[in-house]
Amino acid sequence: MRFLDEQFKDLEEELKMTNQSKEQLKSKILHSNYKEKKQNVMRYGWVAVGVCLLFLITSPFYSTTMASIASRILPISITPSYSNGQYNPDLTAQLFELVEGEGYKVNSVGVTPNPYTIDVSLFLEDSTLKQAIETIEPKIRSYLFENGYDKYELKFSAMAEPPAAPQEDETFDLYDQVCEIVKEVFTSYGYAEEANFELAGLKSGLFSSVVTIDMPDHIKESAEIIEELRSEFKAQNLKIKDIEVYTFNLKHRQQHNRWGYVASDIHNGMAGKSTYQVTGVSYKVKKGHSYVWLKTDFNEPPSSEIIQEIELAIKEYLALPETKEQIQNDDYTIQLLLKNEQSFLDITK
């Protein structure tokens, strides 16, 4: 399973939220105000709630020991990425908003495993990094404690905000124009569903650019569509010198995209909590079957209670209407792996 290690490594770059990606995210959701994810502690009764409150009242400083206890009191909460048409922010998005709420401009918030690290990068003008850390770090540690995270190290960095590059602004404008034309042309040929996918890309050059088109392999009029795109780019006097075409299987890509959300949701429900020892996630779709692997740091299977807790949480998540919409009728295998990549929990359909 060497390819799993490569995919786990590649995933690290995907777990970062930058200022630009945050703005792109905001433009895709229906509401701009994030709602805090609620922890369902009722099944553990008022005693558990009382213990958590006691820790919060008597311990103003974050402690990994207390967070470890909290991670056992709080049940696993696997939340769908989207619910009722609204985006549910993950840890990086929540921390991004938390730091911005303290009045700081954020360059990026990244989370990487092995060891689990939260890296907060700031744009600073009127304060020093030391001053920013004194303000932000207690807030982040308190948030982590309240949500049962006890495996994260914190790193902070600062940089001067670079001025906006005019060429980048022009590139974004050109890309928006290209995407709009591509969507209109595909729709005019009766492929409105396909047009909803991001089929256009842009390779920027000094004086002109190359448009890349992802062409679903079931479309028979692909040559005609490309010619019409060339005509439209020319008619609108866009600085496009060529079009490169790449074919793909739409059904496979749709399934792959859906399971990206599912894999991420399951991973986010356990990552950063020492009870579950999750160190990474990977997934793929092969011959219509979806595979998800969650790698852990366990040398031996954990207790039967922990395994049952994980299994119950995943099955409850899979039974949610939002998740059912994502997985549709796909066959799937979800595995939790020991450090040697042997499975200790399999959930299949």
Side-chain angles (χ1 to χ4, degrees), residues 4-5 7-17 36-37 39 41 44 48 51-52 55-56 59-79 89-96 98-99 108-121 133 136-157 263-282 292-303 305-307 309-310 313-314 317 335-341 344-345:
L4 285 181
D5 290 325
Q7 292 186 19
F8 290 133
K9 184 176 181 181
D10 292 340
L11 184 69
E12 292 183 9
E13 285 303 313
E14 298 179 19
L15 297 177
K16 176 174 283 189
M17 170 162 281
E36 290 192 13
K37 186 167 54 178
Q39 295 288 350
V41 297
Y44 283 78
V51 172
C52 284
F55 283 149
L56 289 173
S59 302
F61 301 105
Y62 174 89
S63 153
T64 56
T65 301
M66 290 190 295
S68 180
I69 294 173
S71 71
R72 293 300 303 124
I73 294 174
L74 297 174
I76 301 174
S77 178
I78 303 178
T79 305
D90 60 10
L91 180 60
T92 55
Q94 290 168 337
L95 293 180
F96 199 111
L98 186 154
V99 176
S108 67
V109 176
V111 176
T112 56
N114 294 329
Y116 267 105
T117 304
I118 295 172
D119 193 335
V120 180
S121 175
I133 292 174
I136 298 170
E137 185 170 12
K139 303 285 186 180
I140 293 178
R141 291 196 182 280
S142 177
Y143 176 86
L144 295 174
F145 164 68
E146 291 171 8
N147 290 276
Y149 296 106
D150 63 340
K151 286 186 67 69
Y152 285 112
E153 298 177 6
L154 295 180
K155 290 185 178 180
F156 297 89
S157 60
S264 178
D265 290 344
I266 297 173
H267 170 267
N268 291 344
M270 291 178 280
K273 302 178 180 181
S274 59
T275 300
Y276 313 110
Q277 297 293 316
V278 172
T279 58
V281 63
S282 181
V292 177
W293 298 277
L294 287 104
K295 194 173 183 179
T296 74
D297 211 26
F298 289 120
N299 290 310
E300 297 180 353
S303 68
E305 290 80 9
I306 291 178
I307 294 177
E309 182 183 355
I310 295 172
I314 293 176
Y317 164 77
Q335 293 183 318
L336 273 87
L337 308 177
L338 298 173
K339 205 169 185 177
N340 63 6
E341 297 188 355
F344 66 87
L345 175 60

**Student:** Once rounded to the nearest 0.5 Å, what's the spacing between atom CD1 of I78 and atom CG of D265?
**Tutor:** 8.5 Å
**Student:** Distance under 6.0 Å and angle within 45° of the ring axis: does K273 meet both against Y149?
**Tutor:** yes
**Student:** How far apart are the closest heavy atoms of M270 and L294, and which atoms are they?
**Tutor:**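 Looking at all heavy atoms of both residues, the shortest contact is CE-CD2, 4.0 Å.
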**Student:** Can you name the nearest heavy-atom pair linking E341 to L337, along with the distance?
**Tutor:**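 Taking E341 first and L337 second, the nearest heavy atoms are O-CD2, 3.7 Å.
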**Student:** Begin from the C-alpha positions of N268 and V281 and carry the test side chain to side chain contact (heavy atoms under 4.5 Å, CB included) through to its verdict.
**Tutor:** CA-CA 9 Å; N268 291 344; V281 63; over 6 Å; no
**Student:** Roughly how far apart are I118 CD1 and F156 CZ, rounded to 0.5 Å?
**Tutor:**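 Spacing of CD1 (I118) from CZ (F156) equals 8.5 Å.
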**Student:** What's the shortest heavy-atom distance between D119 and S157, and which atoms?
**Tutor:**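 Closest approach of D119 to S157, heavy atoms only: OD1-OG, 4.0 Å.
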**Student:** Test side chain to side chain donor-acceptor pair (under 3.5 Å) on S274 and D150 and set out the steps.
**Tutor:** CA-CA 6 Å; S274 59; D150 63 340; 2.5 Å; yes
**Student:** Name all residues meeting the side chain to side chain donor-acceptor pair (under 3.5 Å) criterion together with S121; count only those two or more places apart in sequence or in a different chain, and write none if there are none.
**Tutor:** N107
**Student:** Minimum heavy-atom separation for P301 to I307, with atom names?
**Tutor:** CB-CD1, 4.4 Å
**Student:** What I'd like to find out is whether the side chain of I140 reaches to under 4.5 Å of the side chain of V99, using heavy atoms alone.
**Tutor:**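 Touching, per the 4.5 Å side-chain cut-off.
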**Student:** If you compare all heavy atoms of Y116 against all heavy atoms of G280, which two are closest, and at what distance to 0.1 Å?
**Tutor:**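 Of all heavy-atom pairs spanning Y116 and G280, the closest is OH-N, 4.2 Å.
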**Student:** Any non-hydrogen side-chain atom of I76 less than 4.5 Å from a side-chain atom of Y276?
**Tutor:** yes
**Student:** Once you round to the nearest 0.5 Å, how far does CG of N299 lie from CD of Q277?
**Tutor:** 9.5 Å
**Student:** Closest approach of I133 and P138, non-hydrogen atoms and distance?
**Tutor:** O-CD, 3.7 Å
**Student:** Walk me through it: do L336 and I314 pass the test side chain to side chain contact (heavy atoms under 4.5 Å, CB included)?
**Tutor:** CA-CA 11 Å; L336 273 87; I314 293 176; 4.0 Å; yes
**Student:** Assess whether side chain to side chain contact (heavy atoms under 4.5 Å, CB included) is satisfied between N147 and L91, documenting all intermediate values.
**Tutor:** CA-CA 10 Å; N147 290 276; L91 180 60; over 6 Å; no
**Student:** Nearest 0.5 angstrom please: K295 NZ to N340 CG, how far?
**Tutor:**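 It is 9.5 Å, given to the nearest 0.5 Å.
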**Student:** Quick check for you: to the nearest 0.5 Å, what is the distance between T275 atom OG1 and E305 atom CD?
**Tutor:**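 So the gap between those two atoms works out to 12.5 Å.
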**Student:** Rounded to the nearest 0.5 Å, what separates atom NZ in K151 from atom OG1 in T117?
**Tutor:**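 These two atoms lie 10.5 Å from each other.
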